[in-house]
S.K.: 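This is the structure I have questions about; it appears just below.
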Amino acid sequence: MDSVPSTSEIVECTDELDAELKMAEYAKNHQYMPKSGNKYSIEDDINRLFEAIDIRTSSRVSGFSSEIGRDALRKSAMKRPVRVGSSQASGIGISEPVSLKQALRGLCISQASEMAAMKKRLSKPAGSSGVSEAGTIKKLYRAVVVEANGSGIPLNKGKGNLVEISLVPEKIMSNSSDKMTESLQVPNNEVLNQNSRPLDNATTEKAMITRLSSPDQIVPLVLESESEVSKAELKKLNSIDSSSINHAAEEALEIGCSSIQVYVENPVPHMEPKGKLHAESSLSVSGAAGKVKSVCETPRLIKPVFRNKSFIRKKAKHESTSAVSSSNSCNGCLSNDLGPSTSYSDSQTQKHASGNGRKENMKVSSVSSSTNHSIEVNSTMEGSSFKSTLSSNCNNKSKALLTKADDRSRSREKGEFSQSSKSSIGEYSCSTTTSDESNISGSSRSGSRPHMSKDLRWEAIRSIQKQHGNLSLRHFKLLKKLGCGDIGTVYLAELTGTHCLFALKVMDNDFLLSRKKMPRAQTEKEIMQMLDHPFLPTLYAYFATEKLSCLLMEYCPGGDLHVLRQKQSGRSFSEQAARFYVAEVLLALEYLHMLGVVYRDLKPENILVREDGHIMLTDFDLSLRCAVNPVLLKSASPVAEPAEKMSSPCSESSCIEPLCLNPSFQVPCFTPRLLSLASKSRRIKSELATQISPMPQVVVEPTSARSNSFVGTHEYLAPEIIKGEGHGNAVDWWTFGIFLFELLYGRTPFKGSGNDETLSNVVSHSLRFPTSPIVSFHARDLIRGLLVKEPENRLGSVKGAAEIKQHPFFEGLNWALIRCAIPPEMPRFCDTGICVPTAALQKKDSSKGEELQCTEDHMEFDMF
Ligand SMILES: Nc1ncnc2c1ncn2[C@@H]1O[C@H](COP(=O)(O)OP(=O)(O)OP(=O)(O)O)[C@@H](O)[C@H]1O
């Protein structure tokens, strides 16, 4: 296991750069030194940033410099490439031959601006805001520096109005391993009837959260020794705060779990299988069904509106969105119906004919499930996890579905619903790079999450906080169970009185502690706190009681890609559809890598489909946190960039077609079209490339991250993980290759008859493509590049996502606007049962009787 330095390292081997840097250094020393102690100009900042990313020196300097200003700059520089990456992702790369300094200025200018703004704020008299100077500095410092105090406790406990900026984690999570013998389970059937049981404490019934004990569930195991998980970890988990992330431990004691209000009918009989876990609960899950009338309104696509719009049920005032700004659109307040709007109009979506205030009954039935097991090498455990279910919200009537978690039941749903035998290997050991578990830079404040800043759910949360203080479980109505994973159960929850819907992940602290899964829960929480990306979930709040820890997340109603794939003809996606999904996943992975997160558990089951048809990559408890350092590389393949640009079908600079690449330099767009032959095209591209000075490329990939953990999913495990050779970021590119393969061919390439055979195949079998369906050369070529067994030769291992994005398979794709592209498929709520005619539904229900019976044999209850 290699150790990874936590320092920034910029690699640039050209003399030109040396000269530039020397010039910058000279300029810094002779001209740009600030005249006074605190009067810095932007130019100064730029030069300081030069210094901060100095190739030679920074590589030798500790990443934890005690010199705050320098450290902040370095971290800013580290953060900066995230934006650069975004811009690359947006196809807004530097396209003209400019000097290195110009290029770096371009890269650093906003950093400098930020610094200038900060300094301005710093120079503000402390008294003006009533805050001490020290406090102000502390806040500002916090805003740009990832804390590494090891405690996980931010300097400011989120009480101020500090806008925090998520930055790159400096260190990897501490070595930890999970040896689990049991996982959370789910109830088979539950009915949460809002209507018949009005929300008040008098009528609140206890709900039970059950855990199934599925023989198929294999649990994460411990490969490496780990320090004992203790109460201290729980404390740490709960101690992290940020504005709307509430720490309600104290409050929890006050309110207890009885504050969870769930309306149920006919509680499920208490089953007590072997290895059961019992606990008194304040939640109850019922097996009987209330009924929800539902009207399916097929989504009418006018213009894709990105996120936010459908999880708030209250009628909202119109908010227009444009293609470009749609990601910020908040169409959140909808009707009083349960669930999201089905209209995709950018301007009229919020006008939902809802049954104003009318309460609905929900019928929760098991329809779809997918296995998503965790595996442990040294020990196995029973259990199973759930796949997403869809609670739909067609205008007046809705029927929510509940998935259940038994493999046997899944197998019986074959043909119609998802069935996945893929299991996540959850060994949680560790890594290499120095890690500071307290590096939590994220904040749940909407202000620090630009792409979600207009989301009305933030407002709803704030309003509750204003009225009641901290957010806690008592503020939510749990509408139905969405699924159950290794570390928690996810519910569809409504913030009472706001009509805002969320996915609420509830974790049992005792369970986490006893199963040594607390580190996983903490990892997930810490990672989610950092996220602010259209294809990654937003964490609205975290709160905890003595018994429970809760993550309040964005609700994603469209099921997962595994389920969706099963529904395709031939059980595989068309190439166009696959390209769309993998492209969005690629952007999500790129972003995660920039944050120092190696995802490690990519598979269709972990990719949820939003209401708008775009994806959301979830599940970070097996991810690896590590140091990531911006690296400046001189382009080794000057052809690549121009090639991408040459591939554009359109030269209109104003073109905003998502699938149209907008060339940023003047090349006649017809040229490559006229020279359609590949060889001619390549030659032209090559010639053009020589006319363009290749620019150094900033790469922000955790290329040196190493871990020996045995983590992943059998069919998706990279050879280096299986061989125990230690792994790094390249594992995500391997899994990305398997993922693309599965989407296109409907199966994974190395699957054997059993897990052992699968692992053996991964290591020793060469890649073979099925003859059917027909898949293009480019797609196969990309898969081939990704499924290279030696990680160092694998596509993406050096330059990360940037390398992969340049592959011809993605030719013509506008990365910047893919979030506005029309998805291959819009979630059809009917598919999940919401609009299924009664007769059909009854048929489904009766067909599930046997399955439920089987499931119950392995059911155990864990009452929170
Ligand atoms: N934000 C969400 N919106 C809708 N459904 C969700 C959301 N998050 C999770 N789910 C559903 O809940 C299920 C359980 O999720 P969870 O993340 O707890 O477990 P998992 O995905 O099985 O992974 P793991 O066991 O590794 O934690 C998922 O499979 C998914 O179906």
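As the structure lists them, so they are numbered: ligands from 1, and atoms in each ligand from 1.
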S.K.: Suppose I only count heavy atoms of Asn606 and a 4.0 Å limit; which atoms of ligand 1 are within that range?
M.R.: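 Numbered from 1, ligand 1 contributes 21 (O).
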S.K.: Is it the case that Lys525 places NZ or CZ above or below the six-membered ring of Tyr542, under 6.0 angstrom from the centre and within 45 degrees of the axis?
M.R.: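 Output yes; distance and angle both within limits.
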S.K.: Applying a heavy-atom cut-off of 4.0 Å, say which part of Cys484 lies close to ligand 1: side chain, backbone, both or neither.
M.R.: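 Contact part for Cys484 vs ligand 1: backbone (N, CA, C, O).
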S.K.: I want to know if ligand 1 touches Asp601 in the polar sense, i.e. an N/O pair below 3.5 angstrom.
M.R.: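 No, there is no polar N/O contact under 3.5 Å.
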S.K.: Which of the numbered atoms in ligand 1 are under 4.0 angstrom from any heavy atom belonging to Gly483?
M.R.: 12 (O), 13 (C), 14 (C)
S.K.: If I apply the N/O under 3.5 Å rule, does Glu524 come out as touching ligand 1?
M.R.: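 No; the residue has no nitrogen or oxygen that sits under 3.5 Å from a nitrogen or oxygen of the ligand.
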S.K.: Does the side chain of Cys550 come within less than 4.5 Å of Leu473's, by heavy atoms?
M.R.: yes
S.K.: Can you sort out the partners of Phe573 under ring pair (Phe, Tyr, Trp, His ring centres under 6.0 Å), two or more places apart, ordered by chain and number?
M.R.: Tyr581
S.K.: Using distance alone, with no hydrogens and no angle criterion, decide if Tyr599 and Asp619 have a side-chain donor and acceptor under 3.5 Å apart.
M.R.: no
S.K.: My understanding is that only residues two or more places apart in sequence, or in another chain, count here; which of them pass ring pair (Phe, Tyr, Trp, His ring centres under 6.0 Å) with Phe739?
M.R.: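 Ring pair (Phe, Tyr, Trp, His ring centres under 6.0 Å) list for Phe739, sorted by chain: empty.
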S.K.: For ligand 1, which part of Leu492 has a heavy atom less than 4.0 Å away: the side chain, the backbone, both, or neither?
M.R.: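 The answer is neither.
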S.K.: Under 3.5 Å between some N or O of ligand 1 and some N or O of Tyr555?
M.R.: no
S.K.: Of the listed options (Ile487, Val490, Leu551, Thr713), which comes nearest to atom 10 (N) of ligand 1 when hydrogens are ignored and any heavy atom counts?
M.R.: Val490
S.K.: Quiz question: by atom type and distance under 3.5 Å, do the side chains of Lys603 and Thr713 form a donor-acceptor pair?
M.R.: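 Present: a donor and an acceptor within the cut-off.
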S.K.: How about Asn509 and Ser549: does a side-chain donor come under 3.5 Å of a side-chain acceptor?
M.R.: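 Yes.
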S.K.: For a quick test of reading the model, state the closest non-hydrogen atom pair linking Asp612 to Met826 and the distance between them.
M.R.: O-CE, 3.5 Å
S.K.: Under 4.0 Å from ligand 1, counting heavy atoms only, is it the side chain of Cys556, its backbone, both or neither?
M.R.: both
S.K.: Within less than 4.0 angstrom of ligand 1, does Gly488 place any heavy atom?
M.R.: yes
S.K.: Please check if the distance between the ring centroids of His614 and Phe580 is under 6.0 Å.
M.R.: yes
S.K.: Please work out whether any backbone atom (N, CA, C, O) or any side-chain heavy atom from C-beta onward of Asp621 is under 4.0 Å from ligand 1, and answer side chain, backbone, both or neither.
M.R.: side chain
S.K.: Nearest non-hydrogen atom to atom 7 (C) of ligand 1 belongs to which of Asp560, Leu608, Val506?
M.R.: Leu608
S.K.: Which ligand 1 atoms, with their elements, are less than 4.0 angstrom from a heavy-atom of Met616?
M.R.: 1 (N)
S.K.: So if I count the atoms of ligand 1 from 1 in the order they appear, which ones are less than 4.0 Å from some heavy atom of Ala503?
M.R.: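 Contacts of ligand 1 toward Ala503, numbered from 1: 1 (N), 2 (C), 3 (N).
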